[in-house]
Amino acid sequence: LLIIADKLLLIGQGFKCQLKLIKPCSFMFSSPVGSFPPSPINVSFSSVNLRNVLHWLPGHDTPNDTHFTVQYLKWRAVRQCTVIVRTWCDLSAQTSDLDDGYYARVRSVVRKKSSKWTGLQRRFDPKEESKSHNLCSQPSGTDSERVFLQHHYVLQKGFFKYRLLSYNTKYCFSAQSRLVFMPIECQRSAWFCITTAQGIIDLKL
């Protein structure tokens with residue numbers, strides 16, 4: 001700013017100059033107290049059973065008509081979380097790789113104006129931070145049968161069919177869930193026992 005003047009006085013937040021033989025003139029400058037719209041605060045993940053949800057809170061004095069936009073990882077847009085009114089975003093599909101860590105950020109949008117981005121304080125690790133709840137089958141009854149010989153079988157889904165049955169023999173079965181994607185030890189179910197008849201049968205569980 002170039003001012004040619006006889007006198008230059010600093011008054012408050014502005015400059016006042018008096019030019020020679022010319023009417024006095026004033027130049028007033030002001031700086032904004034805060035940014036608009038306010039940025040979101042308290043950005044964090046919550047994760048239960050690998051349902052990974054990003055949460056945040058509106059900043060101070062956020063207008064009621066504020067929307068929010070979310071990005072993750074290398075700042076990719078999330079279609080279902082672009083210009084939304086809610087203060088959470090389900091990023092389970094975007095954070096499904098348990099061997100990877102993730103960053104996310106969110107900003108406010110008000111009448112085509114956007115705030116600065118607010119991101120996570122640290123990287124989110126779904127494998128380490130996800131909490132488990134009712135993932136395992138619960139046992140019922142008591143283990144009151146004596147087992148003489150045990151065999152272990154891996155069942156991906158559906159029914160288990162055991163054909164190697166002898167006549168007039170008692171067989172007991174128990175199942176235990178195993179989560180290959182989480183280090184959780186599930187309890188074994190109660191034993192289910194039958195006694196075979198005097199002929200060949202198939203047992204379907």
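In what follows, every heavy atom counts, from backbone to side chain, and hydrogens, waters and symmetry copies are set aside. By convention here, the first residue in the shown sequence is residue 1.
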Undergrad: Do the side chain of Thr196 and the main chain of Asn168 share a donor and acceptor less than 3.5 angstrom apart?
TA: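 Between the backbone of Asn168 and the side chain of Thr196 there is a qualifying donor-acceptor contact (under 3.5 Å).
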
Undergrad: Where is the tightest heavy-atom contact between Pro37 and Val110, given as atom of each residue plus distance?
TA: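 In terms of heavy atoms, the two residues are closest at CB-CG2, 3.5 Å.
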
Undergrad: Treating Thr118 as the side-chain partner and Pro40 as the backbone partner, does any N or O pair qualify as donor plus acceptor under 3.5 Å?
TA: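 Judged by distance alone, yes, a pair lies under 3.5 Å.
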
Undergrad: Give, for atom CZ of Arg86 and atom SG of Cys81, the distance between the pair rounded to the nearest 0.5 Å.
TA: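 Here the interatomic distance stands at 4.5 Å.
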
Undergrad: If you measure from CG on Leu98 to CG on Asp125, what distance do you get to the nearest 0.5 Å?
TA: 8.5 Å

Undergrad: List the atom of Asp97, the atom of Pro126, and the distance in Å for their closest heavy-atom pair.
TA: O-CG, 4.1 Å

Undergrad: When you measure from the side chain of Ser39 to the backbone of Lys116, do you find a donor-acceptor pair of N or O atoms at a distance under 3.5 Å?
TA: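 It does hold such a pair.
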
Undergrad: Can you spot which of Val78, Asn52, Thr82 makes a side chain to side chain contact (heavy atoms under 4.5 Å, CB included) with Cys89?
TA: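 Among Val78, Asn52, Thr82, the one that satisfies the side chain to side chain contact (heavy atoms under 4.5 Å, CB included) with Cys89 is Val78.
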
Undergrad: Look only at the side chain of Tyr103 and the backbone of Trp75, and say whether a donor-acceptor pair between them is shorter than 3.5 Å.
TA: no

Undergrad: Run the side chain to side chain contact (heavy atoms under 4.5 Å, CB included) check on Trp117 and Thr69 step by step: do they pass?
TA: CA-CA 9 Å; Trp117 292 99; Thr69 293; 4.2 Å; yes

Undergrad: Considering only heavy atoms from C-beta outward, does the side chain of Ser174 approach that of Phe192 to under 4.5 Å?
TA: no

Undergrad: Ignoring hydrogens and geometry, is there a side-chain-to-backbone donor-acceptor pair from Ser115 to Arg107 under 3.5 Å?
TA: no

Undergrad: State, with a plain yes or no, whether a side-chain heavy atom of Pro38 is found less than 4.5 Å away from one of Pro63.
TA: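 Result yes, sub-4.5 Å side-chain heavy-atom pair found.
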
Undergrad: Do the non-hydrogen side-chain atoms of Val70 and Phe68 ever get within less than 4.5 Å of each other?
TA: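 They are not in side-chain contact.
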
Undergrad: Where do Ala104 and Phe45 come nearest, in terms of heavy atoms and distance?
TA: CB-CE1, 4.2 Å

Undergrad: Drop me the distance from Leu50's CG to Lys127's NZ, to the nearest 0.5 angstrom.
TA: 10.5 Å

Undergrad: Around atom CD of Gln80, are there more than 12 heavy atoms from other residues, nucleotides or ligands closer than 6.0 Å?
TA: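 Counting neighbours around CD of Gln80, more than 12 heavy atoms of other residues, nucleotides or ligands fall under 6.0 Å, so yes.
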
Undergrad: Tell me the closest heavy-atom pair linking Ser114 and Val109, and the distance in Å.
TA: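 Taking Ser114 first and Val109 second, the nearest heavy atoms are OG-CG2, 3.9 Å.
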
Undergrad: Should we say atom CG of Asp65 is surrounded by more than 12 heavy atoms from elsewhere, each under 6.0 Å from it?
TA: yes

Undergrad: Look up atom CG in Leu73 and atom CZ in Arg123, then write down how far apart they are to the nearest 0.5 Å.
TA: 10.5 Å

Undergrad: Roughly how far apart are Asn42 CG and His55 NE2, rounded to 0.5 Å?
TA: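 Separation between the atoms: 12.0 Å.
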
Undergrad: Check whether any side-chain heavy atom of Leu120 sits under 4.5 Å from a side-chain heavy atom of Leu54, and report yes or no.
TA: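 Leu120 vs Leu54: side chains touch.
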
Undergrad: To the nearest 0.5 Å, what is the distance between OG on Ser46 and CZ on Arg51?
TA: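 So the OG of Ser46 and the CZ of Arg51 are separated by 7.5 Å.
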
Undergrad: Could you report the tightest heavy-atom contact between Thr66 and Ser108, atom names first, then the distance?
TA: CG2-CB, 3.8 Å

Undergrad: Given side chains that start at C-beta, do those of Phe36 and Asp61 come closer than 4.5 Å, heavy atoms only?
TA: no

